[in-house]
Amino acid sequence: MSAPRTTSWPLVALFTAGYLAPYLLPTTVGRLDSGLPLSATQAGAVGSALLLSSAAAGFALASRVERIGARTLARIGLALALFGYGGAALTTTVPAVVAGAVLGGFGSGTATTVAATLIAGQRDPHRASTAGLLTVSALAGAVYLTVPHLGPGHGLPLAAIALTALVVWPLTGRLPAGVPAAPTRHHKARLPHARSGLVLAAAMLCWSLAQNSLWGVSGRIGLDQAQLSEATVGAVFALGLGAGLTGVLAAGALGARLGRAVPIGAGTVLIAGCIALSASSTDLTSFATGEIAWNTLYPVVLSYLIGLAASLDPRGRWAVLVGSASSLGTAAGPLTGSVLSAQAGFPAMGVVLGAGLLVIALPMTAVALHTGGRPLLPGAIRRRGGHPAALVAAATGTPTGAVPEIGAPEQPVVEIAVETPAVPAQRAYDKAGSEAL
């Protein structure tokens with residue numbers, strides 16, 4: 001018997017509440033720098049502490065969602081986000097702001113952990129993650145358009161994250177109390193695809209580090225190097241996130257027709273070029289082109305990476321662990337970008353980050369190819385780590401319905417008892433030959 005499907009929109013809302021803080025990172029760090037007695041590097045360090053706390057929540061709770069319950073854990077995470085970010089928004093004392101940001105980051109990470117676990121249990125993880133990325137991109141774009149017109153101060157982006165947690169709270173009643181267990185004979189079986197999962201986790205850490213090293217200082221690139229106003233920079237970010245919506249919609253429509261290797265590998269190479277262009281921009285045209293192109297490609301590749309991690313383990317453990325490794329890279333991003341830009345300048349930072357992305361594109365593509373495999377015949381099963389799963393190639397031309405989906409659970413074998421088996425009489429048979437005709 002298949003497990004019941006999670007209600008989709010509450011799951012998407014939870015995903016949005018967890019991912020909003022990283023999406024608002026540039027304006028959060030910029031406001032901390034301008035609204036509090038902090039240097040640019042110190043403000044980047046606060047942003048890194050927020051995201052590091054989010055990653056710590058993922059590592060701590062990856063295997064505890066089933067035990068505590070998805071609904072309970074989601075409510076705990078949203079409460080921490082509400083009080084943490086809300087408290088940080090209402091005070092100007094630096095230690096209190098840092099403490100609130102760290103507490104809120106742990107709440108965001110808790111919400112993201114629950115969302116990632118439930119997404120892995122969906123029949124189509126890529127579709128669920130795409131819907132979540134659409135929602136968080138739209139909300140973040142609205143914040144970027146609104147915040148510059150509401151006045152100065154560090155509290156506005158933090159308050160937006162806290163209010164999102166408050167709005168999502170009532171929807172948690174429609175989340176499952178627990179997590180439906182994947183069909184397996186060994187409840188505590190080892191993680192399947194251990195080598196691929198570890199490679200993907202390490203690559204995702206570096207991938208996210210490069211992305212957020214740029215994202216954490218993008219505001220400063222626009223304000224200081226390109227000499228743009230805060231309203232103009234916010235408008236560029238909003239347009240970029242709007243373009244990201246188009247990219248995610250295209251990824252959702254494309255689905256698995258190209259598999260995962262092509263979008264992940266080719267998309268990462270293109271992102272490397274966008275980062276180099278944005279970091280070297282000196283006017284509105286080059287800055288807007290780099291940021292909008294990057295924001296278009298980033299969520300597309302991210303949606304395929306989330307789906308790839310979810311396909312490695314239907315119980316969602318690799319989805320959470322890979323996501324937490326990604327959060328570690330995200331956490332180190334603002335500080336890394338601040339240090340690189342301070343030591344070598346923005347253009348050199350872009351070259352370093354772009355080169356790093358070109359290198360890590362190779363192992364990520366290899367994992368996508370390895371776990372996707374070649375098209376299998378209907379009913380073919382591959383077992384690893386004692387965890388049964390049907391893995392088929394998500395490539396163009398693979399017939400739908402004739403073969404199981406990527407990550408789909410193995411169909412159970414049902415024994416049919418026969419009450420009175422027929423016993424053939426030996427005399428009923430004779431030699432085959434021309435006499436029998």
Side-chain angles (χ1 to χ4, degrees), residues 15 19 58 62 112-113 115-133 182 191-208 210-211 247-248 250-252 254-271 297-330 357 360-376 382 384-385 387 389-396 398 404-409:
F15 182 98
Y19 265 81
T112 302
T113 298
T117 303
L118 296 179
I119 284 175
Q122 297 284 296
R123 294 182 59 186
D124 189 349
H126 182 256
R127 183 181 298 274
S129 60
T130 296
L133 289 171
L191 278 171
H193 303 286
R195 183 180 302 174
S196 296
L198 289 174
V199 171
L200 182 61
M204 275 294 289
L205 189 154
C206 299
W207 189 85
S208 295
Q211 311 296 324
V248 174
L254 182 64
R257 290 181 177 87
L258 295 178
R260 292 192 180 103
V262 172
I264 290 174
T268 299
V269 171
L270 293 175
I271 286 174
L297 294 168
Y298 167 77
V300 174
V301 179
L302 179 61
S303 68
Y304 282 97
L305 287 169
I306 293 174
L308 176 59
S311 71
L312 296 179
D313 178 23
R315 288 178 58 186
R317 292 169 293 177
W318 273 125
V320 174
L321 292 173
V322 171
S324 298
S326 174
S327 296
L328 282 178
T330 301
L357 283 176
I360 64 172
L362 297 176
M364 291 195 302
T365 305
V367 170
L369 289 171
H370 178 67
T371 57
R374 298 179 179 178
L376 302 179
R382 178 185 300 172
R384 287 195 179 181
H387 194 95
L391 300 174
V392 297
T396 305
T398 302
E405 300 179 31
I406 293 179

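- Shortest non-hydrogen contact noted between Ile264 and Ala368 is CD1-CB, 4.3 Å.
- Taken from CD1 in Ile271 to CG in Leu357, the straight-line distance is 7.0 Å, to the nearest 0.5 Å.
- Rounding to the nearest 0.5 Å gives a distance of 5.5 Å between OH of Tyr19 and CG of Leu302.
- Rounding to the nearest 0.5 Å places CG of Leu305 at 8.0 Å from OG of Ser326.
- Here the shortest heavy-atom pairing between Ile360 and Ala203 reads CD1-O, 3.8 Å.
- The distance from the SG atom of Cys206 to the CG atom of Leu328 is 11.0 Å, given to the nearest 0.5 Å.
- Put simply, the side chain of Thr117 gets close to the backbone of Thr113: a donor and an acceptor are under 3.5 Å apart.
- Smallest separation of non-hydrogen atoms from Ala325 and Ala201: CB-O, 3.4 Å.
- Side-chain atoms of Phe15 and Leu118, non-hydrogen and from C-beta on, never get closer than 4.5 Å to each other.
- Residue Met204 holds its CE atom at 12.5 Å from CG of Leu321, rounded to the nearest 0.5 Å.
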